[in-house]
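Note that ligands are numbered from 1 as they come in the structure, with each ligand's atoms numbered from 1 the same way. Side chains are part of it too, since the values below use all heavy atoms of this structure and drop only hydrogens, waters and symmetry mates.
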Amino acid sequence: MELLSLTVNSNSLAVLQALEDGLKKADADPSVKAVMICGENGKFSAGADIRGFSSPKRHGGALGPIVSLIESSEKPVVAAIEGVALGGGLEVALGCHYRIAHVKAWMGLPEVTLGLLPGAEGTQRLPRLIGVPTALDMITTGKHIPATEALKLGLVDEIVEENTIEAAIRLANKVIGQPLGPRRLSLKPVPKVPNMEAFLREAAVKVKQQARGCLAPELCLQAVRAATETPFAEGVRRERELFRVLLSSGQAQALQYAFFAERAVHRWATPAGASWSSAAPQPVCKAAVIGLGTMGRGIVTSLVKASIPVVALEQDLEYLNKGRKAVMLLLEREAMKMEGGAQSLDFHNPARLQFTVDFDLLHDVDLVIEAVFENMALKKEIFHKLSKICKPGALLCTNTSALNIDEIASATSRPQQVIGTHFFSPAHVMRLLEIIYGRHTSPTAIATAMQLAKTLKKVGVVVGNCFGFVGNRMMFPYVQQAVFLLEEGSRPEAVDQVLEDFGFKIGPFRMSDLAGLDVGWRSRQGQGLTGPSLPAGTPARQRQGQRYSPLPDLLCEHGRFGQKTAKGWYQYEKAGGRTATPDPWLHSFLSRYRDTHGIKARFIDQEEILERCLFSLINEGFAILAEGIASGPEHLDVIYINGYGWPRHRGGPMFYASTVGLPRVLDKLQKYSEAHPDVPGLRPSAFLKKLVAVGNPPIKEWMSYLSQQSSKL
Ligand SMILES: CC(C)(COP(=O)(O)OP(=O)(O)OC[C@H]1O[C@@H](n2cnc3c(N)ncnc32)[C@H](O)[C@@H]1OP(=O)(O)O)[C@@H](O)C(=O)NCCC(=O)NCCSC(=O)/C=C/CCCCCCCCCCCCC(=O)O
């Protein structure tokens, strides 16, 4: 028997050549009766080398003909799938006459997540094998499915718990001499769906809606449609045509950049020299969460889902019972989505999840996450208590979204173990975990928080300590511009529309209504920007000589906190309602406000809305990089994609800036800054100016132009 080996991402071209040579040799050798294709090191294949798509010497085009060559072999070819069979790897398996998989293997066609489509005939073979609806779902979402599901779908012929290679050889021996025609997917008709046209039309609407401007899902659908309408060879031609369109699109580059950026942030470093390569994490066998508000509930749920035993603590029984009920509800819902249901999470077991008001029960936990509301005095009181109660090595985390980590740490006797773990709401869903080190935070503490992120299936991004850290600090100027645009003549729905058309899941005003306007109001009161502590005689639209808009404060004074009060920047059907409708009251309120302050409303076009909001956010990003708060632009991009609804197909704000071109970003900021000299957020950052002055280098070279990262440490 001839045995062919396909290696994960070693050298795609060499693998392709080896496959072709092996198949030709096997075909020509009469002693070879069957062929088995497997991977090395327990992995079938993770597909083509993604870096190859942006390389001038790309060779992906060679894969389709090889898949055809496999299928046309006169000897049975069996795929032995272990580990993963993804993208081009699965397409190779689809060319085989039989597929056998290990029970722990995963399969998928994730090309869409890279801005591409399965271009090695996968869009034509998969629908023929498992039917159009399921194939379309796999191809347009790129989801990875486990072997057990693949078996149910008919994607594989068999799954095994023992040695997959041996099982594949057994299968190959068994099928020698059997006709191969029925096993060749290219010869199979696409299984019928009662009303294929109506199904595809509806699917197209759904895919377009979910894609929010991303091209690949729509083109994936068009390729699958071709499978239903044309013979195999014609479908393959169409698939190639569509693949070429995607390959040359900026979106594919952005999505592939995002893929590698998410992996690059694992390799964290701080300006003080701590890094992932030398710091080892501590084990976290038991955790505690303090505060069972919205964030605390999500964090508890996240920990339970990751099988980390949790002690959940509240200040009194009333809050505890309310929190317990809410957590249980979240966990019930999560369990329903899982195979094995509630039993798999085991959250009724007090050894897995315990609710208490007794701080002393935190004495043996390895990690505490404080998630009480944003009040420095309260947080310091809690951390002071924790440093007395918790065991010596315990990591003390705060879920603050903006407050000073060093000040919180100063309340403890062990500041080296204090770290910020900024979760995003809902915490059991959102993938981002912003990890903030303070002046004294130890490398071990950072490594442990990063390991926690991985255990919780989140993307951890390590950043330095400053007000708002990275995500919120960049968000402030963006939201500020959005509000200034209202003062100058725009409306919430116009601003939201522009940013949602750009690809944001939700515009700034809908977001503010969802999060609650009172959150920011409390924070501004705390900072003395509004409320009773504001010195008498402070101009309504100025703070410390800079432009300030009291609009959000005024809305709060009218009891308009957003969705929770049925009124905010929009109106809602009821308190807690989700459907935002433009509110005539708000429109006349804005007119009165402009009259009061002598502002002449003007028409603001989409370009200005987009540029002022996005470029001010990006400008802050350059300042953050220059200060050493983040170690590279990909950190900022990963934060925005995973925590702030930034459209992934635009690669993150800093990548977007690189595609717009830094000279253009600078020109526009200069123009807007001249028009609004009292808005520091529009004043171009020195680092942006420097990058333009040195000739707009590619994003991967930006950091080399910072002569010395000035650390905030
Ligand atoms: C699930 C994983 C495989 C593993 O996950 P995990 O264990 O968590 O590890 P990671 O940290 O993710 O990865 C470890 C390192 O490996 C790197 N990696 C992983 N996969 C790839 C890959 N496919 N390519 C390159 N590098 C990869 C990863 O970056 C890590 O390294 P580092 O830390 O960054 O240094 C998980 O990794 C995963 O999901 N991987 C991606 C899988 C995937 O998306 N596969 C699909 C790839 S695309 C593909 O296969 C397409 C094939 C068809 C091509 C056919 C084209 C035909 C076109 C014909 C017509 C057009 C002609 C045009 C001609 C012309 O113009 O040129």
Polar atom proximity, Ile50 to ligand 1 (N or O, under 3.5 Å) = yes
Just jot down the ligand 1 atoms closer than 4.0 angstrom to any heavy atom of Phe53, in number order.
-> 48 (S), 51 (C)
N/O of Arg267 under 3.5 Å from N/O of ligand 1, yes or no?
-> yes
Carefully, step by step, assess Lys305 and Glu334 under the rule salt bridge (Lys or Arg N to Asp or Glu O under 4.0 Å).
-> CA-CA 8 Å; Lys305 277 178 69 184; Glu334 289 303 303; 2.7 Å; yes
Short list, please: which atoms of ligand 1 are under 4.0 Å from a heavy atom of Gly87?
-> 46 (C), 50 (O)
Carefully, step by step, assess Trp702 and Phe687 under the rule ring-ring contact (aromatic ring centres under 6.0 Å, His included).
-> CA-CA 9 Å; Trp702 287 0; Phe687 185 32; 7.2 Å; no
Ligand-residue contact atoms, ligand 1 with Leu114, heavy atoms, under 4.0 Å | 44 (O), 47 (C), 48 (S)
Taking all heavy atoms of Ala252 and all of Gly115, pick out the closest pair and write down the distance.
-> CB-O, 3.7 Å
Got a salt bridge between Glu241 and Arg238, using NZ or NE/NH1/NH2 to carboxylate O under 4.0 Å?
-> yes
Is the ring centre of Phe44 less than 6.0 Å from the ring centre of Trp106?
-> no
Quick one: which of Ala48, Gly47, Ser45 has a heavy atom closest to atom 23 (N) of ligand 1?
-> Ala48
If you compare Gln256, Arg263, Glu239 by their heavy atoms, the one closest to atom 12 (O) of ligand 1 turns out to be Arg263
Looking at Phe424 versus Tyr644, is the centre-to-centre ring distance below 6.0 Å?
-> yes
Under a heavy-atom criterion of less than 4.0 Å, does His144 contact ligand 1?
-> yes
Would you check whether Glu91 reaches within less than 4.0 Å of ligand 1, judged by its heavy atoms?
-> yes
Could you check which of Phe259, Trp106, Phe243 puts a non-hydrogen atom nearest to atom 58 (C) of ligand 1?
-> Phe243
Can you find an N or O of Ala46 that's nearer than 3.5 Å to an N or O of ligand 1?
-> yes
Can you tell me how far CD1 of Ile100 sits from CD of Glu158, rounded to the nearest 0.5 angstrom?
-> 3.5 Å
Sidechain-backbone polar pair: Arg431 side chain, Asn642 backbone, donor-acceptor under 3.5 Å | no
Taking the six-membered ring of Phe260 as reference, does the NZ or CZ atom of Arg51 fall below 6.0 Å from its centre and within a 45° cone about the axis?
-> yes
Ligand 1 versus Leu116: contacting region, heavy-atom distance under 4.0 Å | neither
Residue-ligand contact Lys43/ligand 1, heavy atom below 4.0 Å | no
